[in-house]
**Q** 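One structure, as structure tokens, below. Some questions next.
By convention in this document, chain letters (A, B, ...) are assigned in the order of the sequence lines, proteins followed by strands, and residues within each chain are numbered from 1. Just so it is clear, the model here is predicted, and its values are computed rather than measured.
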Amino acid sequence: EAQVTQNPRYLITVTGKKLTVTCSQNMNHEYMSWYRQDPGLGLRQIYYSMNVEVTDKGDVPEGYKVSRKEKRNFPLILESPSPNQTSLYFCASSLPSGTNTGELFFGEGSRLTVL
Amino acid sequence: AQSVSQHNHHVILSEAASLELGCNYSYGGTVNLFWYVQYPGQHLQLLLKYFSGDPLVKGIKGFEAEFIKSKFSFNLRKPSVQWSDTAEYFCAVRDDKIIFGKGTRLHILP
């Protein structure tokens, strides 16, 4: 089954304790992206990746890191989490732009609380 | 930089009413346009998409959208809503990266 898998789905952590949210897709998609969703602000893009070893900042990259060493994986790293990073995070993947199947496929979301 | 604007933040309708949600984007080049729906507690699912061709696009669950290039708009419509359409709706535009609007929360009264 084609899917985007995120882990963990729920996490409560404390300020400053490094964490990684994993994302894996099995559709051989070139494009992957991380978003955070906050009430009234919609989905804001954190980082995206056009292909392996190619990553770029989105609209809200501060406090986050990503890597794309393999096509299927795109982990989101919070080196020193702070309470303002409490949010619902979505990973998504797609084929490249310009294809008529270039829509995003979303993971189930990861709800992160930073105390 | 491209941006997406959804005019209605919160819409309340009765069942069987007609729906139109506005979406405007600011990118002048060739774009791909999408509408996604997010039911309570779930992730986003694709409702419909426009890449080229017929500007009137039909999606799932009776939704449709019309791409009007001169107005930079991609409004979502449904002739008769149901209680099960209660959800949040997001418009999105893609050139290289994909940008979302802030969403419209739709509440259908039974």
**Q** Just verifying a value: how many Å separate B:Q38 CD and A:L88 CG, rounded to the nearest 0.5 Å?
**A**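 So the gap between those two atoms works out to 7.0 Å.
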**Q** Applying side-chain hydrogen bond (donor to acceptor under 3.5 Å, both in side chains), run through A:E108 and B:Q42 and close with a yes or a no.
**A** CA-CA 7 Å; A:E108 296 286 328; B:Q42 297 187 24; over 6 Å; no
**Q** Check for me, please, whether B:L48 and B:F72 land in the same ILVMFWY cluster - side-chain distances under 4.5 Å, paths through other members count.
**A**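 Yes.
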**Q** State plainly whether one hydrophobic cluster holds both B:L19 and B:F74, where clusters connect Ile, Leu, Val, Met, Phe, Trp and Tyr through side-chain heavy atoms under 4.5 angstrom apart.
**A**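 In one cluster: yes.
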**Q** A:D59 versus chain B, heavy atoms under 4.5 Å apart: side chain, backbone, both or neither?
**A**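 Interface part for A:D59: side chain.
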**Q** Heavy-atom distances under 4.5 Å only: say whether B:Y36 touches chain A with side chain, backbone, both or neither.
**A**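 Looking at B:Y36, just its side chain touches chain A.
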**Q** Report, as yes or no, whether the 6.0 Å neighbourhood of atom CZ on A:R44 holds more than 12 heavy atoms from other residues, nucleotides or ligands.
**A**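 More than 12 within 6.0 Å, yes.
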**Q** Can you tell if the side chain of A:L43 reaches within under 4.5 Å of the side chain of B:L44, non-hydrogen atoms only?
**A**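 A side-chain contact under 4.5 Å exists here.
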**Q** Who wins among B:Q45, B:E88, B:H43 for the most heavy-atom pairs under 4.5 Å with chain A?
**A**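 The candidate making the most pairs under 4.5 Å is B:H43.
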**Q** Check B:L47, B:N32, B:L46 against A:E103 for a side chain to side chain contact (heavy atoms under 4.5 Å, CB included) and give me the one that passes.
**A**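 Testing A:E103 for a side chain to side chain contact (heavy atoms under 4.5 Å, CB included) against B:L47, B:N32, B:L46 leaves exactly one candidate, B:L46.
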**Q** So does B:I98 get a backbone contact from the side chain of A:Y31, meaning a donor-acceptor N/O pair under 3.5 Å?
**A**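 Side chain of A:Y31 to backbone of B:I98: a pair is present.
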**Q** With clusters defined by side-chain heavy atoms of hydrophobic residues (ILVMFWY) lying less than 4.5 Å apart, directly or transitively, does A:L19 cluster with A:F74?
**A**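 Yes, A:F74 and A:L19 fall within the same hydrophobic cluster.
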**Q** Cluster question for you: counting only ILVMFWY and a side-chain heavy-atom cut-off of under 4.5 Å, with indirect links fine, are A:L78 and A:V14 together?
**A**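 No, A:L78 and A:V14 fall in different hydrophobic clusters.
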**Q** Atom OG in A:S33, atom CZ in B:F100: separation rounded to 0.5 Å?
**A**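 Answer for the OG-CZ pair, A:S33 versus B:F100, is 8.0 Å.
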**Q** Run the side chain to side chain contact (heavy atoms under 4.5 Å, CB included) test on B:F90 and A:Q37 for me, step by step, so that the C-alpha distance in whole Å, both residues' side-chain angles and the decisive distance to 0.1 Å come before the verdict.
**A** CA-CA 12 Å; B:F90 293 92; A:Q37 184 177 21; 3.4 Å; yes
**Q** Taking atom CD1 as the centre, does A:I12 end up with more than 12 heavy-atom neighbours from other residues, nucleotides or ligands that are less than 6.0 angstrom away?
**A**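 Atom CD1 in A:I12 is not packed in, count stays at 12 or less.
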**Q** When clusters are formed by joining ILVMFWY residues with side-chain heavy atoms under 4.5 Å apart, either directly or through shared neighbours, do B:I60 and B:L21 land in the same one?
**A**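 Same cluster.
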